[in-house]
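Below, all heavy atoms of this structure are taken into account, side chains as well, without hydrogens, waters or symmetry copies.
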Amino acid sequence: MGRNPVFAAVDATGRLMGFYALLVDEAELDLAFVADEAQGTGIGRLLMEHMLDQAAVAGLTRVRVVSNPPAERFYRRLGAERVGTVLPSSANVTWERPELMFTVARAAGPSR
């Protein structure tokens with residue numbers, strides 16, 4: 001695993017169904033994507049649960065998400081809390097985006 005890992009979900013035929021990238025140094029979800037045909041199947045939830053597990057292993061306590069507005073509800077259902085709004089930042093992004101924060105559960109240590 002590299003410092004900023006990218007993980008993918010593929011189906012039995014090897015077709016990409018979704019992925020995410022976690023920026024460890026920034027404690028931020030950089031990208032998350034689920035293919036249209038895979039939405040509603042639980043792939044996104046599995047990817048976010050995996051992301052939170054990876055964040056815990058990396059020692060993170062929180063993970064920031066700057067969300068596409070239609071995806072805010074998805075992240076909130078998984079436990080993220082809205083902490084602010086990110087203003088438009090370029091000619092390509094001309095809309096406000098919700099800023100969310102996941103609290104990362106501590107990774108389980110070795111049992112004694």
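Placement of L78 and L29 within a single hydrophobic cluster is found when ILVMFWY residues are connected by side-chain heavy-atom separations under 4.5 Å, directly or transitively. The same ILVMFWY cluster, assembled from side-chain heavy atoms under 4.5 Å apart, contains both L22 and F7. Following chains of ILVMFWY side-chain contacts shorter than 4.5 Å, one can reach V24 starting from L52, so the two form part of one hydrophobic cluster. Follow the hydrophobic side-chain contacts under 4.5 Å out from L46 and you never reach F74; the two are in separate clusters.
T13 and D11 share a donor-acceptor pair across their side chains, judged by distance under 3.5 Å alone.
For the pair V93 and P88, the tightest heavy-atom approach, listed with the atom from each and the gap, is O-CB, 3.4 Å. The shortest heavy-atom contact between A35 and L16 is CB-O, 4.3 Å. Residue F19 comes nearest to L47 through the heavy atom pair N-CD1, 3.6 Å, listed as atom of the first residue, atom of the second, then distance.
From F102, atom CZ reaches atom CZ of R76 across 11.0 Å, with rounding to the nearest 0.5 Å. Atom CE of M51 is separated from atom CG of L60 by 9.5 Å, given to the nearest 0.5 angstrom. To the nearest 0.5 Å, atoms CG (L100) and OH (Y75) are separated by 8.5 Å.
Residues M17 and F33 have side chains not in contact (no heavy-atom distance under 4.5 Å, counting atoms from C-beta outward).
The side-chain hydrogen bond (donor to acceptor under 3.5 Å, both in side chains) test with E72 singles out one residue from R97, R77, R82, and that residue is R82.
Screening residues 35-46 for side chain to side chain donor-acceptor pair (under 3.5 Å), with sequence neighbours left out, gives no hits. For residues 55-69, every residue pair satisfying the side chain to side chain donor-acceptor pair (under 3.5 Å) rule, not counting sequence neighbours, is listed here: E28-R64, R64-E99.
Heavy atoms from other residues, nucleotides or ligands lying under 6.0 Å from CD of E81 number 12 at most. Atom CZ of R73 has 12 or fewer heavy atoms from other residues, nucleotides or ligands within 6.0 Å.
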